[in-house]
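Here is the structure we will look at, set down as structure tokens.
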Amino acid sequence: MRYQQMVTALLCAVMLTPAAASAQGRVEVSGIVGWTVSDGVATDGVPALDGNIYNAIDIKDSFSWGFGIGFNVSETAEVGFLFNQQMSTLGVEGTNDVEIGDMNVTSYHPYFAYNFGETDAALRPFILFGLGATSYASVPFTRLGVSRETGGDTQFSTTWGGGVKYFASPNVGIRVSATWTPTYITTEEGGWWCDPYWGCYVVGNAKYANQFHFNGGITFRF
């Protein structure tokens with residue numbers, strides 16, 4: 001819940017920007033489709049009722065779609081919001097690999113971007129960074145004749161990437177980009193660290209699930 005509140009606050013801050021953007025005369029709305037390469041996280045081996053031991057949660061590579069809205073607050077600076085949904089499949093791996101069921105992975109990221117070149121240039125490379133959250137939907141499944149459902153979860157995530165926009169006309173263009181979205185999952189005890197001044201203490205081993213998005217789409221500029 002705290003991540004959803006954070007995203008809501010960041011999104012509100014972004015949506016307050018159009019007044020500044022209107023002075024520049026540039027608002028960009030994009031529709032995006034692509035392919036997402038995903039990985040899950042490794043876990044301690046868990047014995048299952050089917051006699052196998054599973055030690056990894058897997059998220060399959062799959063089609064994804066999304067949209068973005070950006071406000072150019074200067075000739076090079078842009079703030080906006082990115083939505084992306086991956087139509088994936090949840091699985092587990094170990095002594096046997098099993099697909100659990102279909103799962104949507106949805107990310108929400110207010111972002112800051114830097115655009116290279118002149119404002120009215122036809123070709124504009126860009127880089128971006130965003131802070132937000134990634135949501136893993138619950139997955140219904142049936143095993144050994146019993147119907148169950150995995151719990152959904154929403155966790156803090158960032159997104160990093162870049163690409164290029166090409167405007168064949170002043171108001172319509174195409175956009176190609178690649179982004180990396182690491183999502184924090186949990187922290188496990190990683191062992192002991194000893195220091196001559198501070199003594200010994202337990203250090204954590206943070207685990208992240210990663211998504212690599214390769215996208216293309218159409219951008220409308222107003």
Gap between atom CG of N210 and atom CD1 of I185 - 0.5 Å precision:
9.5 Å

Just wondering, are more than 12 heavy atoms of other shown residues or ligands nearer than 6.0 Å to CD1 in I218?
no

Answer yes or no: is there a side-chain heavy-atom contact under 4.5 Å between N104 and M87?
yes

Under a single-linkage definition using a 4.5 Å side-chain heavy-atom cutoff for Ile, Leu, Val, Met, Phe, Trp and Tyr, are I59 and V37 assigned to the same hydrophobic cluster?
no

Has N171 got a side-chain atom pairing as donor or acceptor with R221's backbone, closer than 3.5 angstrom?
yes

The test is side-chain contact (heavy atoms from CB on, under 4.5 Å); show your working for S64 and V105 and say whether it passes.
CA-CA 9 Å; S64 59; V105 182; over 6 Å; no

Do you reckon Y108 sits in the same ILVMFWY cluster as Y136, going by side-chain contacts under 4.5 Å, direct or chained?
no

Check the pair N72, N115 against side-chain contact (heavy atoms from CB on, under 4.5 Å), reporting the backbone distance first and the verdict last.
CA-CA 9 Å; N72 291 298; N115 295 285; 3.6 Å; yes

Verify whether one side chain among S30 and T219 offers a donor that lies under 3.5 Å from an acceptor in the other.
yes

Stepwise, does the salt bridge (Lys or Arg N to Asp or Glu O under 4.0 Å) test hold for E28 with K165?
CA-CA 11 Å; E28 297 178 6; K165 293 176 281 190; 2.9 Å; yes

Correct closest heavy-atom pair for F212 and W180 would be CE2-CD1, 3.3 Å

Please step through salt bridge (Lys or Arg N to Asp or Glu O under 4.0 Å) for the pair K60 and D102, ending with a clear verdict.
CA-CA 10 Å; K60 305 297 182 181; D102 295 335; over 6 Å; no

For Y111 and E78, the nearest pair of non-hydrogen atoms, with its separation, is OH-OE2, 2.6 Å

Side-chain heavy atoms of Q85 within contact of T36, under 4.5 Å:
no

Just how far is it from atom CD1 of I100 to atom OG1 of T89, taken to the nearest 0.5 Å?
10.5 Å

Let's go through F220 and V172 carefully: what are the C-alpha distance in whole Å and the side-chain angles of both, what is the deciding distance for side-chain contact (heavy atoms from CB on, under 4.5 Å) to 0.1 Å, and is it a yes or a no?
CA-CA 5 Å; F220 298 95; V172 181; 4.0 Å; yes

Kindly indicate whether the side chain of H109, heavy atoms from C-beta on, has any atom under 4.5 Å from the side chain of T181.
yes

Set of residues satisfying side chain to side chain donor-acceptor pair (under 3.5 Å) with respect to S62, sequence neighbours excluded
Q86

Take F141 and L90 through the test side-chain contact (heavy atoms from CB on, under 4.5 Å) and record every step on the way to the result.
CA-CA 10 Å; F141 66 95; L90 177 67; over 6 Å; no

State, with a plain yes or no, whether a side-chain heavy atom of V176 is found less than 4.5 Å away from one of Y166.
no

Look at the side-chain heavy atoms of Ile, Leu, Val, Met, Phe, Trp and Tyr, link any pair under 4.5 Å apart, and say whether V41 and Y208 land in one connected group.
no

Could you tell me whether a side-chain N or O of D61 sits under 3.5 Å from a main-chain N or O of S38, the two making a donor and an acceptor?
yes

Please determine whether residues F81 and W65 belong to a single hydrophobic cluster, defined as Ile, Leu, Val, Met, Phe, Trp and Tyr linked transitively by side-chain heavy-atom distances below 4.5 Å.
yes

Nearest-0.5 Å distance, OG1 of residue T159 to CG of residue N84
8.5 Å

Which atom pair, heavy atoms only, marks the closest approach of T134 to S157?
OG1-OG, 2.9 Å

F214 side, atom CZ; I32 side, atom CD1 - distance, nearest 0.5 Å:
14.5 Å

Closest non-hydrogen contact found for V98 with Y54 is CG2-OH, 3.4 Å

Identify the heavy atoms of P182 and W160 that sit nearest to each other, and give their distance.
CD-CD1, 4.1 Å

If you define the side chain from C-beta out and look only at heavy atoms, does anything of V29 sit under 4.5 Å from F222?
yes

Can you label the angle between the F67 ring and the F83 ring as parallel, tilted or perpendicular, going by 30° and 60°?
parallel

Inter-residue atom distance F126.CZ - S177.OG, 0.5 Å rounding:
5.0 Å

Looking only at heavy atoms, what is the nearest atom pair of R26 and D120, with distance?
NH2-OD1, 2.6 Å

Would F167 and V27 show up in the same hydrophobic cluster when neighbours are defined by side-chain heavy atoms closer than 4.5 Å?
no

Measuring from R175:CZ to N215:CG, what's the distance to the nearest 0.5 Å?
8.0 Å

